[in-house]
Amino acid sequence: MQNEKNTDQNFNCPMVKFINLISGKWAIPILYRLIITNGPIRFGELKRAISPITQKELTKQLRLFEQKGLISRKLYPEVPPKVEYQITELGKTLKPALNSIANWMKQHEQELR
(Lines give C-alpha, C1' and ligand atoms only; values in the text may rest on other atoms or scores of the structure.)
Protein backbone atom coordinates (compact mmCIF):
# COMPACT_ATOMS: atom_id res chain seq x y z
CA MET A 1 0.00 0.00 0.00
CA GLN A 2 2.87 2.37 0.80
CA ASN A 3 4.37 1.89 -2.69
CA GLU A 4 1.05 2.82 -4.35
CA LYS A 5 0.86 6.03 -2.31
CA ASN A 6 4.47 6.89 -3.16
CA THR A 7 3.81 6.29 -6.87
CA ASP A 8 0.77 8.60 -6.77
CA GLN A 9 2.84 11.31 -5.08
CA ASN A 10 5.58 10.99 -7.70
CA PHE A 11 3.04 11.22 -10.52
CA ASN A 12 1.69 14.48 -9.09
CA CYS A 13 5.11 15.93 -8.30
CA PRO A 14 5.72 19.03 -10.46
CA MET A 15 9.38 18.09 -10.95
CA VAL A 16 8.50 14.62 -12.23
CA LYS A 17 5.95 16.15 -14.61
CA PHE A 18 8.55 18.67 -15.81
CA ILE A 19 11.20 16.00 -16.36
CA ASN A 20 8.66 13.93 -18.32
CA LEU A 21 7.93 17.00 -20.47
CA ILE A 22 11.56 17.75 -21.24
CA SER A 23 12.97 14.23 -21.13
CA GLY A 24 15.51 13.38 -23.72
CA LYS A 25 19.12 14.35 -24.15
CA TRP A 26 18.33 17.13 -26.62
CA ALA A 27 15.09 18.55 -25.21
CA ILE A 28 16.55 21.42 -23.21
CA PRO A 29 19.11 22.47 -25.86
CA ILE A 30 16.33 22.57 -28.47
CA LEU A 31 14.01 24.65 -26.30
CA TYR A 32 16.82 26.94 -25.18
CA ARG A 33 17.96 27.56 -28.78
CA LEU A 34 14.40 28.39 -29.83
CA ILE A 35 14.00 30.72 -26.84
CA ILE A 36 17.23 32.64 -27.45
CA THR A 37 16.55 32.80 -31.20
CA ASN A 38 13.14 34.30 -30.39
CA GLY A 39 12.02 34.13 -34.00
CA PRO A 40 11.42 31.66 -36.79
CA ILE A 41 14.22 29.21 -37.47
CA ARG A 42 14.46 26.63 -40.23
CA PHE A 43 14.97 22.95 -39.47
CA GLY A 44 18.47 22.77 -40.96
CA GLU A 45 19.64 25.87 -39.12
CA LEU A 46 18.29 24.48 -35.85
CA LYS A 47 19.97 21.13 -36.49
CA ARG A 48 23.34 22.81 -37.13
CA ALA A 49 22.99 24.92 -33.98
CA ILE A 50 22.40 21.82 -31.85
CA SER A 51 24.94 19.55 -33.56
CA PRO A 52 25.52 16.58 -33.35
CA ILE A 53 21.78 15.84 -32.94
CA THR A 54 20.34 13.44 -35.51
CA GLN A 55 17.56 14.45 -37.88
CA LYS A 56 15.35 11.72 -36.39
CA GLU A 57 15.83 12.90 -32.80
CA LEU A 58 15.28 16.56 -33.68
CA THR A 59 12.09 15.70 -35.56
CA LYS A 60 10.83 13.60 -32.63
CA GLN A 61 11.45 16.35 -30.08
CA LEU A 62 9.97 19.09 -32.27
CA ARG A 63 6.79 17.07 -32.79
CA LEU A 64 6.44 16.51 -29.05
CA PHE A 65 6.97 20.19 -28.27
CA GLU A 66 4.47 21.18 -30.95
CA GLN A 67 1.88 18.78 -29.47
CA LYS A 68 2.44 20.32 -26.03
CA GLY A 69 2.07 23.87 -27.37
CA LEU A 70 5.66 24.91 -26.62
CA ILE A 71 6.59 25.58 -30.25
CA SER A 72 4.78 26.35 -33.48
CA ARG A 73 5.55 24.92 -36.89
CA LYS A 74 4.90 26.73 -40.15
CA LEU A 75 5.03 24.84 -43.43
CA TYR A 76 5.43 26.84 -46.63
CA PRO A 77 4.01 25.22 -49.79
CA GLU A 78 7.26 25.25 -51.74
CA VAL A 79 9.46 22.69 -53.44
CA PRO A 80 11.51 21.67 -51.60
CA PRO A 81 9.30 22.20 -48.52
CA LYS A 82 10.27 25.03 -46.23
CA VAL A 83 9.47 24.56 -42.54
CA GLU A 84 10.08 27.05 -39.75
CA TYR A 85 9.82 26.54 -36.02
CA GLN A 86 9.28 29.18 -33.38
CA ILE A 87 8.86 29.22 -29.63
CA THR A 88 5.31 30.00 -28.50
CA GLU A 89 4.28 32.37 -25.72
CA LEU A 90 3.87 29.31 -23.48
CA GLY A 91 7.35 28.11 -24.44
CA LYS A 92 8.83 31.54 -23.66
CA THR A 93 7.67 31.17 -20.05
CA LEU A 94 10.41 28.51 -19.65
CA LYS A 95 13.12 31.12 -20.20
CA PRO A 96 13.65 32.09 -16.52
CA ALA A 97 13.85 28.44 -15.44
CA LEU A 98 16.28 27.49 -18.22
CA ASN A 99 18.39 30.62 -17.62
CA SER A 100 18.55 29.66 -13.95
CA ILE A 101 19.76 26.16 -14.82
CA ALA A 102 22.33 27.56 -17.28
CA ASN A 103 23.61 30.04 -14.68
CA TRP A 104 23.83 27.31 -12.03
CA MET A 105 25.86 25.16 -14.41
CA LYS A 106 28.26 28.02 -15.20
CA GLN A 107 28.66 28.78 -11.50
CA HIS A 108 29.25 25.19 -10.37
CA GLU A 109 30.81 23.54 -13.40
CA GLN A 110 34.28 23.32 -11.82
CA GLU A 111 32.88 21.72 -8.65
CA LEU A 112 31.20 18.88 -10.53
CA ARG A 113 33.19 15.74 -11.01
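Here the NZ atom belonging to Lys95 is positioned 10.5 Å from the CD1 atom belonging to Ile87, to the nearest 0.5 angstrom. To the nearest 0.5 Å, the span separating CG on Asn99 from CD1 on Ile36 amounts to 9.0 Å. A distance of 12.0 Å separates CG in Asn20 from CE in Met15, rounded to the nearest 0.5 Å.
Minimum interatomic distance between Trp26 and Pro52 (heavy atoms only, all atoms of both residues): CH2-CD, 3.6 Å. The two residues Arg33 and Ala49 make their nearest non-hydrogen contact at NE-CB, 3.6 Å. Counting all heavy atoms, side chain and backbone alike, Pro81 lies closest to Arg42 at O-NH2, 4.3 Å.
Legend: residues meeting side chain to side chain contact (heavy atoms under 4.5 Å, CB included) with Leu98, ordered by chain and number and at least two apart, are Ile28, Leu31, Tyr32, Ile35, Leu94, Ile101. The side chain to side chain contact (heavy atoms under 4.5 Å, CB included) search around Thr88 returns Ser72, Leu90, not counting sequence neighbours.
Summarising the local packing, CE of Met105 is surrounded by more than 12 heavy atoms from other residues, nucleotides or ligands at distances under 6.0 Å.
Sorted by first and then second residue, the pairs that involve residues 81-92 and meet salt bridge (charged side-chain N to carboxylate O under 4.0 Å, His left out), not counting sequence neighbours, are Lys82-Glu84, Glu89-Lys92. Pairs engaging residues 103-113 under the salt bridge (charged side-chain N to carboxylate O under 4.0 Å, His left out) rule: none recorded [sequence neighbours left out]. Sorted by first and then second residue, the pairs that involve residues 84-113 and meet ring pair (Phe, Tyr, Trp, His ring centres under 6.0 Å), not counting sequence neighbours, are Trp104-His108.
Proximity of Leu21 to Leu70: side-chain heavy atoms (C-beta onward) are separated by under 4.5 Å at one or more points.
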Donor-acceptor contacts, no H, no angles, side chain residues 56-68, under 3.5 Å, sequence neighbours left out:
| unit_1 | atom_1 | unit_2 | atom_2 | d |
| --- | --- | --- | --- | --- |
| Glu57 | OE2 | Gln61 | NE2 | 3.3 |
| Thr59 | OG1 | Gln55 | O | 2.9 |

